[in-house]
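Keep in mind the model is a prediction, meaning the values are calculated, not measured.
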2 protein chains.
Amino acid sequence: MEKEEKALICPIEIAMEHINRKWVIQIIRDMFFGKKRFNEFKEGKPNLSNKVLSNCLKEMEENGLITRKTNGGIEYKLTEKGLALNKVLYELAMFTLNTDINNRYYDDENKKELKKVFKEILL
Amino acid sequence: MEKEEKALICPIEIAMEHINRKWVIQIIRDMFFGKKRFNEFKEGKPNLSNKVLSNCLKEMEENGLITRKTNGGIEYKLTEKGLALNKVLYELAMFTLNTDINNRYYDDENKKELKKVFKEILL
DNA sequence: CGGGATCCGGATGGATACTG
DNA sequence: CAGTATCCATCCGGATCCCG
């Protein structure tokens, strides 16, 4: 009997399957910033419809990123696994801030402040 | 005259706009692993059609992640900006490896080896 | 408040065949 | 080798209305 071999799937691809969908990363970011409820996630996202948000939260729950609990209304929380995305989010933010060399999106002061905020919240 | 304010878009969202499309991350990973040519990117991706790959490479070029140059055939290369995604890729890989606590995808030896490889190539 | 049910249109992905 | 050109399927987002 030979040793069982699992086909080695690239871990990067597996990670991307968790966060590929359009709103997932933004919702996770919101949760790191303290948001918990359905209608909170919709704030500032005029294009996010109920259906899409609902599906999104469901998929995130199936993927083990969040939990859904009743607590005088329904609250969503990051799981251990969801929290483990902190460094991914941090590096995504740093990528943008570090490659915005022509200050297309931010001036130097913005960058400094944003780096500080993301570091405090995500690391 | 008041100070000009740019609307502050979340840097995480901007980063995601670069890598959201289905094959982008895998192509960038391939490039970190030394692949340069159209047909090399197709290896191991039976569902990646010519059209989709072509569009994908075009968009990545527009986004400043890669360059396209003729060199006895056409070669794609990561730009400085593209290379700056190294830590994002690394953290994506680590996320999967660190949260696979039930060894669903990898056994402990695989994990150790994969961590080593990604560290060498991406950091 | 936290969604579910429908419906629609555009974007995206994929297969196949062909080309300079 | 590095794509284009078609055609087709589908997914997905978004709008709207409805419900317990």
Grab the [atom1]-[atom2] distance between [X] and [N] for me, whole Å please.
X	N	atom1	atom2	result
A:L53	D:dC12	CG	P	15 Å
A:N55	D:dG13	CG	C1'	10 Å
B:L57	C:dT12	CG	C1'	16 Å
B:K58	C:dG13	NZ	P	14 Å
B:R21	C:dG14	CZ	P	11 Å
B:I66	D:dA2	CD1	C1'	13 Å
A:F41	C:dG3	CZ	P	10 Å
A:E43	C:dC1	CD	C1'	13 Å

Can you check whether [X] has a side-chain N or O nearer than 4.0 Å to OP1 or OP2 of [N]?
X	N	value
A:Y76	C:dG3	yes
A:N47	D:dG14	yes
B:S54	D:dT4	yes
A:K22	D:dG14	yes
B:R37	D:dC1	no
A:K42	C:dC1	no

- Query: Are B:N71 and B:K36 close enough, and set up right, to give a side chain to side chain donor-acceptor pair (under 3.5 Å), and what steps lead you there?
  - Reply: CA-CA 11 Å; B:N71 180 14; B:K36 299 175 179 182; over 6 Å; no
- Query: Counting distance only, does the side-chain N/O of B:N86 pair as donor-acceptor with the main-chain N or O of B:L122 below 3.5 Å?
  - Reply: yes
- Query: Is the side chain of A:K111 donor-acceptor paired with the backbone N or O of A:D100 at a distance under 3.5 Å, no angle test?
  - Reply: yes
- Does a distance-only test, which skips hydrogens and angles, find a donor-acceptor pair under 3.5 Å between the side chain of A:K51 and the base of D:dG13? yes
- Would you say the side chain of B:N50 and the base of D:dG3 hold a donor-acceptor pair, judged only by whether the two atoms sit under 3.5 Å apart? yes
- Message: Can you work out whether A:P46 or A:E59 has the more 5'-proximal nearest nucleotide on DNA chain D?
- Response: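 On the 5' side of the pair lies A:E59.
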- Does A:M94 belong to the same Ile/Leu/Val/Met/Phe/Trp/Tyr cluster as A:I101, with side-chain heavy atoms less than 4.5 Å apart forming each link? no
- Message: Regarding B:K45, tell me which of base, sugar-phosphate or nothing describes its non-hydrogen contacts under 4.0 Å with the strands shown.
- Response: nothing
- Nucleotide nearest A:F38 when distance is taken to its side chain, options D:dG3, C:dG3, D:dC1: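 Ranking D:dG3, C:dG3, D:dC1 by closest atom to the A:F38 side chain puts C:dG3 first.
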- Message: Among C:dG13, D:dG13, D:dG3, which nucleotide has an atom closest to any side-chain atom of B:R68?
- Response: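 Of all the options, the side chain of B:R68 is nearest to D:dG3.
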- Item | N-O pairing of B:D107 and B:K112 below 4.0 Å |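 Answer for the salt bridge query: no.
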